[in-house]
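This report concerns only the one structure given below.
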There are 2 protein chains.
Amino acid sequence: MLEESAFELFLEQGYAKTSIEDITRRAGVSRNTFFNYFDLKSDVFWVEIDRALGLLPEKLALTESSLPPAHAIVEAFADCTAELGSGFVPWILTNFEAIGEPNELLSSAFSRFNSTTRVLKGFVSQRLNIPVDSLECQVIANTSVSAVAAAAVAWGKAGVSRAPLQSYLVHALAPLAEGYAHFRAIELPRTI
Amino acid sequence: MLEESAFELFLEQGYAKTSIEDITRRAGVSRNTFFNYFDLKSDVFWVEIDRALGLLPEKLALTESSLPPAHAIVEAFADCTAELGSGFVPWILTNFEAIGEPNELLSSAFSRFNSTTRVLKGFVSQRLNIPVDSLECQVIANTSVSAVAAAAVAWGKAGVSRAPLQSYLVHALAPLAEGYAHFRAIELPRTI
DNA sequence: GTATTATTTGTACTGAGTACAAGAATTAAG
DNA sequence: CTTAATTCTTGTACTCAGTACAAATAATAC
């Protein structure tokens, strides 16, 4: 499996010093085969997370329409990971300190941040009946995803006896649920 | 100015189709000169924003210690941009739809997100007297920066008759001020 | 066994980013 | 004004992620 080879080499010699050629040689395939499975080198980090995030739209759709959006978001994210099993802990969450912040990881992380906020904007827009391209939707989506990211990283860091992810999500998003309970669109003034 | 040449070319032919060689040729210098001024190609987008963000630590330090952190954050960010003049509107904020989401922009954006959250984590830790590496600090910093980013993008989009950035910041961060008013560290349970 | 389809691989390429030394321009000192 | 020192630009060469495409190989179907 390319990911396993990649993770071994990243720990042995660091992300930057590990070339795609190294990874594919370790896996016993050609360099170009890598690009049959991944668009980018850093995509190896996201296989499990992408699988979980892929479930998000349907999990959001399944939440009770009377539930406040922040609660629905917690439930949806928790359901995404629950469906992938209790042993599900993405490698990058437990190893990101070893990996550091190479630009390729930053770009692939932000790419997923953006696609996740797009999903949440649509959900919030529909649930709160406000325009999807409003500042309010963007803020709720941005802050929710960044809180989820912080919770996920903390959860990954907590070690093998960690509490369920949902505990972390609830704790991280509770203030947002409270803060956004009365968050309404306003007409920002224009200068004369 | 390298930035001006870059922005002209990005609009003429797109980010991906504009090489560093193109930019430096347009500016009348050698390709390697580019790297005397910038670490990365996409760094051209951030000159003004980096200047503003560079002021953040001192602006945060200047806020009243009795001010709730979210209010202090609004004030500090607003002061950062106010000090750089009323005409200060970073090119990327008004042109990011034209630029799209090239991986290089995503990585440089996330790099600045991370460094800004580090600044805010330190501030929140000191102001609320909680450990800087706690989930609470991370969540407050992450959500604050992502709300500021959403506000800044909306502000950039609003056109030449836009309200002051502070209006957008206040609106975006008000729910966070409310939500974090009683946000305290808790001991997340460990599994047996 | 042959034909078709799917997958891997080889080759060649672009361009961001890096390193380093040489050349040119600027500044300082005598 | 000349020389020396310092600063900055530039040329050359490189690595490696990422791309394109065709050839080779493997797998599948008949």
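Chain identifiers are assigned alphabetically (A, B, ...) following the order of the sequence lines, protein sequences preceding nucleic acid strands; residue numbering begins at 1 within each chain.
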Over all strands shown, is Y37(A) touching base, sugar-phosphate only, or nothing at heavy-atom distances under 4.0 angstrom? sugar-phosphate

Do the rings of W91(B) and F7(B) sit parallel, tilted or perpendicular, given the 30° and 60° boundaries? parallel

Please tabulate, one pair per line, all N/O donor-acceptor pairs under 3.5 Å involving side-chain atoms of residues 61-70 of chain A, not counting sequence neighbours.
unit_1, atom_1, unit_2, atom_2, d
T63(A), OG1, L60(A), O, 2.7
T63(A), OG1, R127(A), NH2, 3.0

Of E3(B), E12(B), E4(B), E21(B), which is the lone residue that meets salt bridge (Lys or Arg N to Asp or Glu O under 4.0 Å) with R26(B)?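 Only one of E3(B), E12(B), E4(B), E21(B) forms a salt bridge (Lys or Arg N to Asp or Glu O under 4.0 Å) with R26(B), namely E12(B).
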
Interatomic spacing from CD1 in I92(A) to CG in L105(A) - rounded to 0.5 Å: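 Rounded to the nearest 0.5 Å, the CD1-CG separation comes to 5.0 Å.
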
Heavy-atom contacts, protein to nucleotides 12-26 of chain D, under 4.0 Å, summarised as B (base), S (sugar-phosphate only) or - (none) per nt, yield B----BBBB------

Could you state the CZ-P distance from R25(A) to dT8(C), rounded to the nearest angstrom?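 Between P of dT8(C) and CZ of R25(A): 19 Å.
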
Please identify each residue that fulfils side chain to side chain contact (heavy atoms under 4.5 Å, CB included) with V153(B), with sequence neighbours left out.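 With neighbours one apart ignored, the set is L93(B), F96(B).
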
Could you tell me whether the phosphate oxygens of dT10(D), OP1 or OP2, come under 4.0 Å of any side-chain nitrogen or oxygen in T33(B)? yes

